[in-house]
Structure formats: structure tokens, C-alpha cells
Amino acid sequence: MKHLLKKLRKYEIMLRKVANNHLQGDYRSIFKGAGLEFDDLRPYQYGDDVRTIEWKVSAKGHGTFVKTFKEEKDQSVIFLLDVSGSQNIGAKGRKKIDLGKEIAGVLTLAALYEGSQVGLISYSDEKEQVVLPGKGQRHGVKIIRAIFQHENKSLKTDLNSMFTYTLNMVKKRSIIIVISDFIDEGYERTLKAMGEKHDVVAIQVTDPRETMLPSLGIIPIYDKEEDKTTWVNTAFRTFSKKISSTFTEEREAISDLCKRHQINYLPIDTQQDIVLPLIELFKYRNKTRKRG
């Protein structure tokens with residue numbers, strides 16, 4: 001655990017240093033702006049978040065008005081970590097689940113450093129574990145242990161169930177960081193609902209093996225989530241093309257969904273270093289906070 005915390009702290013310090021050199025504005029703002037309570041109304045201005053429009057007042061015909069908020073003292077950052085079987089793809093020590101845990105761990109330390117309350121929900125097709133939001137070094141160690149020492153009850157996926165559970169559990173507007181490969185169906189409506197209620201960041205973790213299946217003839221493909229093997233012929237060029245195009249289409253679909261519903265989207269590949277992609281995310285969040 002000491003070695004793990006040292007590694008994560010090294011990443012977190014590096015992240016902060018790079019952020020301070022590249023961000024125009026307050027690094028602290030990347031974990032701000034979501035723990036808000038209603039304050040007043042004002043006329044809509046170009047660039048305002050459409051989610052803040054007060055439709056009932058605007059419908060009276062005196063112009064379009066948006067809600068203004070004041071920041072709550074205790075900002076909550078909640079991590080939604082997908083721990084289902086599809087996360088176990090990738091090289092040894094660099095699987096999607098490894099990268100997801102690393103990202104959650106680093107951002108936990110960063111959020112706690114900035115004074116936020118941090119919580120964790122690990123999910124497969126059922127609730128795996130929950131750590132309620134808290135502050136301080138001891139709480140940080142508790143979350144890191146929960147992330148890295150967890151053993152699954154199930155390997156199946158149900159993102160719709162995960163988002164529904166979060167919507168029911170997290171009542172106060174919070175920053176919710178979803179870390180998943182988003183390989184599932186039927187979750188779009190609840191993800192949209194979560195984006196309307198909270199400040200959501202969707203981090204999609206991918207691995208090259210998902211699109212670059214070599215031509216090996218007829219081979220067995222084992223589905224960890226369903227615990228069954230299917231035989232497929234990888235020699236057909238149409239098969240590899242279909243795999244690649246399906247992956248691209250699904251990635252574009254989640255990106256478009258997030259864009260339409262004001263959700264920050266970040267794809268990260270298992271072969272990437274996590275610091276630079278996260279800096280790009282922070283740049284974007286810092287820019288939108290400044291504009292707002």
C-alpha cells in the first residue's frame with residue numbers, strides 16, 4: 001500500500017505541476033463548479049450552460065433566464081468505477097481495469113488535495129462497493145484500498161443500473177467521474193439524466209486489442225462476463241473490418257451523446273500515459289468554468 005500511494009502521489013504531483021504550467025486560471029477550478037445551490041435568476045447570455053435555463057420563468061415571455069448558483073462549502077467528487085469483466089482486456093499490468101484504477105486513484109488524491117469531499121462507487125451489474133464522500137488523508141487511504149484491493153462479486157456489466165443507482169444515491173449536485181469502457185447498451189437515458197443533475201465527466205478506457213484482432217483462422221473467443229466461449233473465423237477480412245468499424249461507431253456515439261448533454265468526454269488508451277490526456281481534460285474544464 002505504501003508503494004502504491006507513493007506511485008499515485010508521484011503522478012498526482014506531476015499532474016499538478018504540468019497543470020500549473022499549462023492552465024490559464026486556477027487549477028483548483030477543475031474540481032469546482034458543481035457543488036452548487038440555487039442563488040438567483042439573470043437574463044441568458046451567449047455561452048451559458050443550457051442546463052441552467054429556468055424554463056418556467058422564461059415561458060412567461062419576458063426573455064430567457066438562467067439560474068445562478070453559489071458554491072457550497074463542501075464540494076463532492078464521486079468516482080463511478082466500472083469493474084466488470086470487459087475491463088480485463090490488455091497487457092499484463094496494463095489492462096483497462098489497471099488504467100481505470102490508476103486514474104481513479106490519482107484523481108482521488110488530486111481532489112482531496114484541493115479540499116473536495118471524495119466518494120467511490122464500484123459497479124459491475126450490481127453494487128460492488130460504496131465509500132461515502134469524505135475528506136482527509138485517512139479517507140484517501142480508505143478509497144485507495146477500496147479501489148485496488150476489491151474482489152468482484154460479479155463480472156457482468158449493467159451501466160444503466162450503475163447510473164440509476166447513482167442518481168438515487170447522490171442527491172446533492174456533485175462532480176461525477178465515470179471510468180468505464182462503455183461497452184454496454186441501453187444506458188443512454190440514465191447517463192443523460194445524470195448529466196442534467198450533476199457535473200459529469202465520462203472517461204472511456206480502451207485497448208488496441210479490441211480493434212486489431214490478428215488473422216489467426218478459427219479461434220475460440222472467451223467472454224469473461226458470460227463465462228462462455230464462441231468460435232470465430234478471424235481469417236475473413238470482413239470480420240476484422242466489422243470489429244474495427246463497430247468500435248469506431250460506438251466510440252463516436254458515446255462522444256456525440258456526451259457533447260449533446262454537456263458531459264465532458266475523454267478517451268484514454270491503455271498504451272497512453274495518463275497525465276497528458278488528463279491535462280487536456282482539465283484545460284477544457286478550466287476554460288468552460290472561466291467562460292461561465
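As the structure is a prediction and not an experimental result, all values here were calculated from the model.
Without hydrogens or angle criteria, Lys135 side chain to Gly115 main chain gives a donor-acceptor distance under 3.5 Å. Side-chain atoms of Gln272 never come within 3.5 Å of backbone atoms of Ile274 as a donor-acceptor pair (strictly under, hydrogens ignored). Formation of a donor-acceptor pair under 3.5 Å by the Ser154 side chain with backbone atoms of Lys156 is found in this model. Formation of a donor-acceptor pair under 3.5 Å by the Ser255 side chain with backbone atoms of Arg251 is not found in this model. In terms of modelled atom types and a separation under 3.5 Å, the side chain of His139 and the main chain of Val118 share a donor-acceptor contact. Judged by distance alone, the side chain of Ser174 and the main-chain N or O of Lys172 form a donor-acceptor pair under 3.5 Å. Without hydrogens or angle criteria, Lys95 side chain to Lys92 main chain gives no donor-acceptor distance under 3.5 Å. In terms of modelled atom types and a separation under 3.5 Å, the side chain of Thr166 and the main chain of Met162 share a donor-acceptor contact.
When all heavy atoms of Phe182 and Ala202 are compared, the closest pair comes out as CZ-CB, 3.8 Å. Nearest heavy atom pair, residue Ser124 against residue Asn152, reads CB-ND2, 4.4 Å. Heavy atoms only, all atoms of each residue included: Ile78 and Pro133 are closest at CD1-CG, 3.5 Å. When all heavy atoms are compared, the tightest approach of Leu257 to Leu191 is CD2-CD2, 3.7 Å. When all heavy atoms of Leu167 and Met194 are compared, the closest pair comes out as CD2-CA, 3.7 Å. Scanning both residues, Ser58 and Ile53, for their nearest heavy atoms gives OG-CG2, 4.0 Å.
The shortest distance between side-chain heavy atoms of Leu278 and Val275 does not fall below 4.5 Å. At a threshold of 4.5 Å between non-hydrogen side-chain atoms, the residues Leu15 and Ile279 count as touching. Two residues are said to be in side-chain contact when any heavy atoms from C-beta on lie closer than 4.5 Å; Tyr265 and Gln204 meet this criterion. For the pair Cys258 and Asp256, the minimum side-chain heavy-atom distance is 4.5 Å or more. The shortest side-chain heavy-atom distance between Leu80 and Ile176 falls under the 4.5 Å cut-off. When side chains are defined from C-beta on, Thr108 does not count as touching Val106, because their heavy atoms never get closer than 4.5 Å. The side-chain heavy atoms of Val66 and Glu54, taken from C-beta on, include no pair separated by under 4.5 Å.
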Evaluate Met169 against Val130 for side chain to side chain contact (heavy atoms under 4.5 Å, CB included), listing each step before the verdict. CA-CA 10 Å; Met169 179 187 162; Val130 174; 3.4 Å; yes
Decide side chain to side chain contact (heavy atoms under 4.5 Å, CB included) for Asn264 and Leu281; before the verdict, give the C-alpha distance in whole Å, the side-chain angles of both, and the deciding distance to 0.1 Å. CA-CA 8 Å; Asn264 296 156; Leu281 171 66; 3.9 Å; yes
Test Ser84 against Thr157 for side-chain hydrogen bond (donor to acceptor under 3.5 Å, both in side chains), laying out the working first. CA-CA 5 Å; Ser84 59; Thr157 306; 2.9 Å; yes
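If you take CG on Leu99 and CD1 on Ile203, they are separated by 9.5 Å, rounding to the nearest 0.5 Å. Distance check: Phe163 CZ to Tyr123 OH gives 11.0 Å after rounding to the nearest 0.5 Å. From Ile177, atom CD1 reaches atom CZ of Phe79 across 4.0 Å, with rounding to the nearest 0.5 Å. Note that the CD atom of Gln117 and the CD1 atom of Ile175 stand 12.5 Å from one another [nearest 0.5 Å]. Note: Ser76 OG to Asp199 CG = 12.5 Å, rounded to the nearest 0.5 Å. In this structure, CG on Leu107 lies 15.5 Å from OH on Tyr113, to the nearest 0.5 angstrom.
A search for side chain to side chain donor-acceptor pair (under 3.5 Å) contacts involving Ser180 returns Asp82, not counting sequence neighbours. Every residue was checked against the side chain to side chain donor-acceptor pair (under 3.5 Å) condition with Asp158, not counting sequence neighbours, and none meets it. Residues that satisfy the side chain to side chain contact (heavy atoms under 4.5 Å, CB included) test with Leu109, not counting sequence neighbours, are Leu8, Arg9, Glu12. In terms of the side chain to side chain donor-acceptor pair (under 3.5 Å) criterion, Asp98 has no residue partners (sequence neighbours excluded). Every residue two or more places apart in sequence or in another chain that forms a side chain to side chain contact (heavy atoms under 4.5 Å, CB included) with Lys7 is listed here: Tyr11, Glu102. Here Asp184 pairs with nothing under the side chain to side chain donor-acceptor pair (under 3.5 Å) rule; sequence neighbours left out. For the side chain to side chain contact (heavy atoms under 4.5 Å, CB included) test, no residue two or more places apart in sequence or in another chain qualifies with Arg138. In terms of the side chain to side chain contact (heavy atoms under 4.5 Å, CB included) criterion, residue partners of Glu252 (sequence neighbours excluded) are, by chain and number, Thr248.
Between Asp269 and the choices Thr206, Asp207, Val205, the side chain to side chain contact (heavy atoms under 4.5 Å, CB included) rule is met once, by Thr206.
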Output a table of donor-acceptor pairs, distance under 3.5 Å, between side-chain atoms of residues 141-149 and any protein atom two or more places apart or on a different chain; print 'none' if there are none.
none

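No continuous path of ILVMFWY side-chain contacts below 4.5 Å connects Val201 to Leu276, so the two sit in separate hydrophobic clusters. Hydrophobic clustering (side-chain heavy atoms under 4.5 Å, transitive across Ile, Leu, Val, Met, Phe, Trp, Tyr) groups Met14 together with Phe282. Val77 and Tyr165 fall into different hydrophobic clusters, where Ile, Leu, Val, Met, Phe, Trp and Tyr are joined by side-chain heavy atoms under 4.5 Å apart, directly or via other members. Tracing side-chain contacts under 4.5 Å through hydrophobic residues (I, L, V, M, F, W, Y), one never reaches Val178 starting from Ile268; they form parts of separate clusters. Grouping the Ile, Leu, Val, Met, Phe, Trp and Tyr side chains by contacts below 4.5 angstrom, directly or via other members, places Val83 with Ile103.
Counting only residues at least two apart or in different chains, salt bridge (Lys or Arg N to Asp or Glu O under 4.0 Å) contacts with residues 116-127 are absent. Residue pairs satisfying the side chain to side chain donor-acceptor pair (under 3.5 Å) criterion with at least one member in residues 185-197, sequence neighbours excluded, are listed as follows: Asn160-Thr190.
Taking a 6.0 Å sphere around NZ of Lys153, one finds it holds more than 12 heavy atoms contributed by other residues, nucleotides or ligands.
Using a 4.0 Å cut-off between charged nitrogen and carboxylate oxygen, Asp181 and Lys96 count as a salt-bridge pair.
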